[in-house]
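The block underneath contains the structure these notes are about, expressed in structure tokens.
Numbered from 1 within each chain, the chains take letters A, B, ... in sequence-line order.
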Amino acid sequence: MPFVSMESVSKCYDDQESRLGVTVLRQVSGGIEEGEFVALMGPSGSGKSTLLTILGAMNTPSSGRLLVDDIDVYGLPDERRADFRAQYLGFVFQQHHLMPYLNAVENAMLPLAPLRMGSLEKRQRAFAALERVGLGAKSLRLPNQLSGGEQGRLAIARAIVNDPPLLLADEPTGTLDTATGDDIMHLFLELNRKGQTIFMVTHNPANAEMAHRIMRIRDGALEN
Amino acid sequence: MRISTIALANLRRRKGRAVFLAAGIAIGVGTVVALLGLNSALREEIGSQMDRFGANIIVTPHSGNLALDYGGVSIAGVSFDQHQLSGDDIDRIRQIPYRKRLSTVAPKLLGSLDVEGRNALVAGVDFASELRLKRWWRISGRPPQGGKDVLLGYDAATTASAIQIASVKNGAADDGSAHHAARGETLQLAKDSLKIAGNEYRIAGVLGQTGGPEDRMVFVSIGEVQALLDKPDQLSVIEVSALCKDCPVEDIVAQIQKALPHAKVSAIQQAVRARTDAVERLSRFSLIVAAVVLLLGALMIFTTMMNSVVERTKEIGVLRAIGFRRGHIIRGLLIEVAVVSAAGGLLGWAGGLIASRLALPFFAEAGATIGVSAQLALFAMAVSLGTGLVSSVYPVLRASRLDPADAVRSM
Ligand SMILES: Nc1ncnc2c1ncn2[C@@H]1O[C@H](COP(=O)(O)OP(=O)(O)OP(=O)(O)O)[C@@H](O)[C@H]1O
Ligand SMILES: [Mg+2]
């Protein structure tokens with residue numbers, strides 16, 4: 001049994017216009033093995049982000065199950081699901097969503113804030129994460145004092161600071177130029193070489209080619 | 001880094017808003033503190049000065065025959081009543097359980113006697129207790145000692161030609177003295193003795209005009225009047241002044257009534273009541289103002305927090321996505337509110353204290369003070385924290401319910 005497994009996951013959003021709602025995902029099944037690097041491609045509106053948020057334990061599917069490490073994620077109560085995210089997942093958002101009022105090391109530390117852990121250990125871990133993405137020398141900079149590529153790397157540092165078993169990324173190179181985008185992709189590959197499991201949504205075929213496996217989605221259904 | 005670190009960083013990020021919010025709370029709490037301080041100072045003042053307003057209990061004989069009127073209280077006709085008040089009644093009053101609260105017991109015998117050839121109202125009094133009771137009396141001359149000393153009411157003195165018109169005596173050069181005389185401050189005695197029922201008495205002094213029944217009276221030592229009227233040991237009225245802070249006047253009245261079943265004991269509190277009423281009105285007014293001000297403060301906190309939450313929707317969603325519980329979001333926002341409220345409360349308490357001290361002279365007499373009380377400080381803190389937390393419950397809960405998936409999608 002794979003590390004992550006989706007069992008006929010469907011998602012239907014309420015819609016004011018049709019009483020039936022909009023079905024965004026239809027009976028999606030699939031798995032991700034530990035250490036795998038999977039890319040998800042598909043046209044705009046096909047349901048990629050929806051699938052990612054379901055994998056991200058923050059969007060309850062209308063039907064179907066998500067098992068991660070044998071945990072029925074959506075069987076957990078809300079607060080326990082937050083703990084699950086803190087423990088199992090790392091997120092890289094397309095817009096990075098860095099906190100503008102916190103410096104680099106504080107941004108990287110953010111997922112550790114609610115955890116019971118000495119502040120020195122939190123700081124050391126955040127520094128280690130910054131080192132891994134090559135931002136060790138810029139730890140005291142505010143996000144707006146970093147370049148776009150550096151902001152992307154800071155977002156990755158924040159995503160890996162808790163050593164998550166699964167790293168989720170939604171178009172991490174979408175806003176970057178080709179060179180910096182490649183930079184980020186190389187960072188992902190390097191993390192993956194060291195064992196990081198990654199699931200990445202992308203529009204960019206060249207980036208998708210770098211992954212072990214490409215999943216394709218169209219109108220809410222996976223293509224084989 | 002902890003939740004509180006993020007909360008404080010957020011406050012620093014929006015210093016202006018935090019200061020604005022704290023100032024708003026400070027104004028609300030300051031108003032409440034100032035009004036409370038003034039109220040308690042005025043209550044304190046009334047309590048400690050209760051006996052300055054004269055007697056608050058009056059004891060008269062039980063009888064239907066009304067013959068005399070004293071200070072607005074009708075006093076039974078002395079001659080027909082079997083149940084007269086006597087000197088023993090004074091002792092009985094002094095032995096009630098609440099005797100420690102009695103500050104002055106002033107006996108009186110009233111009667112009509114011939115003064116310098118005309119009938120006048122003569123009051124036999126114990127000068128020591130009478131003067132303690134009537135602190136507002138202004139006496140020109142010396143305080144009467146008893147024995148053959150008499151004190152004349154202003155009208156009685158005029159009738160007996162016992163006072164000179166100042167302007168006649170001193171001439172026009174002494175301007176203003178006639179005016180003073182009218183206010184009873186510097187009356188000049190025209191003679192130093194007069195005849196009551198044929199006996200010679202020394203005029204110790206003259207009372208300045210009071211506008212009350214005293215003006216028409218001649219005050220003589222009570223023993224003399226009892227002898228002149230041939231009513232040994234009889235009294236027509238006993239005035240009692242009880243010291244009362246949170247005064248149980250009704251209880252004292254009941255105890256005296258029990259000790260003197262043959263007498264009529266009643267509480268008179270007009271003077272005090274007028275002032276107490278004023279303070280009560282101020283209290284009620286304060287309560288309303290405080291409620292309105294706090295409501296406005298609460299509304300301000302509510303809208304500010306609501307704005308802050310809406311503004312931070314995406315941020316809060318991101319925090320939720322990376323593993324913050326609802327509880328963590330709530331804690332962070334409440335820490336922000338608590339810090340701002342505490343600062344506002346402290347500021348408001350200090351400001352309110354200063355304001356009430358500045359305003360006190362306009363409401364109270366000199367000597368009234370507003371102290372620094374830990375209780376009031378704690379109360380101010382409780383009010384500001386309470387207002388802050390209660391009015392941000394809804395925005396905070398709303399923030400905690402934000403959907404992290406929305407934050408991810410808003411890309
Ligand atoms: N909360 C929502 N309520 C209603 N419909 C939604 C909601 N979220 C997404 N949708 C709809 O679901 C469909 C899939 O959206 P999704 O964001 O998953 O697409 P996507 O594949 O990520 O597209 P893109 O490449 O443009 O990011 C879209 O038609 C979108 O309008
Ligand atoms: Mg998308």
Open item on the list: Does B/Arg13, at its CZ atom, have more than 12 non-hydrogen atoms belonging to other residues, nucleotides or ligands within less than 6.0 Å?
Closed with: yes
Open item on the list: So which residue, A/Glu79, A/Arg80, A/Met58, ends up with the most heavy-atom pairs under 4.5 Å with chain B?
Closed with: A/Glu79
Task: B/Ile6 vs A/Leu110 side-chain heavy atoms within contact, under 4.5 Å - done: yes
TODO: In sequence, state the C-alpha distance, the side-chain angles, and the governing distance for A/Asp78 and B/Arg320, and then conclude on salt bridge (charged side-chain N to carboxylate O under 4.0 Å, His left out).
DONE: CA-CA 11 Å; A/Asp78 195 84; B/Arg320 290 280 284 129; 2.9 Å; yes
TODO: Give, for atom CD1 of B/Ile322 and atom NE2 of A/His97, the distance between the pair rounded to the nearest 0.5 Å.
DONE: 11.5 Å
Open item on the list: Would you compute the distance between atom CZ of B/Arg325 and atom CG of A/Asp83 and round it to the nearest 0.5 angstrom?
Closed with: 4.0 Å
Task: Nearest-0.5 Å distance that lies between atom CZ in B/Arg2 and atom CG in A/Leu115 - done: 13.0 Å
TODO: For A/Ser119 and B/Met1, work out which heavy atoms get closest and say how close.
DONE: CB-N, 3.9 Å
Open item on the list: Between A/Met99 and B/Leu319, is there a side-chain heavy-atom distance shorter than 4.5 Å?
Closed with: yes
- [ ] Given side chain to side chain contact (heavy atoms under 4.5 Å, CB included), test B/Val318 with A/Arg158 step by step and report yes or no.
- [x] CA-CA 12 Å; B/Val318 169; A/Arg158 184 178 66 189; 4.1 Å; yes
Open item on the list: Need one label for A/Pro100: side chain, backbone, both or neither, based on atoms under 4.5 Å from any heavy atom in chain B.
Closed with: side chain
Open item on the list: Once rounded to the nearest 0.5 Å, what's the spacing between atom NZ of B/Lys314 and atom CZ of A/Phe93?
Closed with: 11.0 Å
Open item on the list: Quick check on the interface: out of A/Ala86, A/Pro114, A/Ala126, who has the most heavy-atom pairs with chain B under 4.5 Å?
Closed with: A/Pro114
- [ ] Using a cut-off of 6.0 Å, state whether more than 12 heavy atoms not belonging to B/Arg398 lie near its atom CZ.
- [x] no
Open item on the list: If I measure from the heavy atoms of chain B, does A/Glu106 come under 4.5 Å with its side chain, its backbone, both, or neither?
Closed with: both
Task: Heavy-atom neighbours of B/Arg326 CZ exceed 12 at 6.0 Å - done: yes
- [ ] Kindly check if the number of other-residue, nucleotide or ligand heavy atoms within 6.0 Å of CZ (B/Arg14) is above 12?
- [x] yes
Task: Heavy-atom contact with chain B under 4.5 Å, split by part of A/Ile54 - done: neither
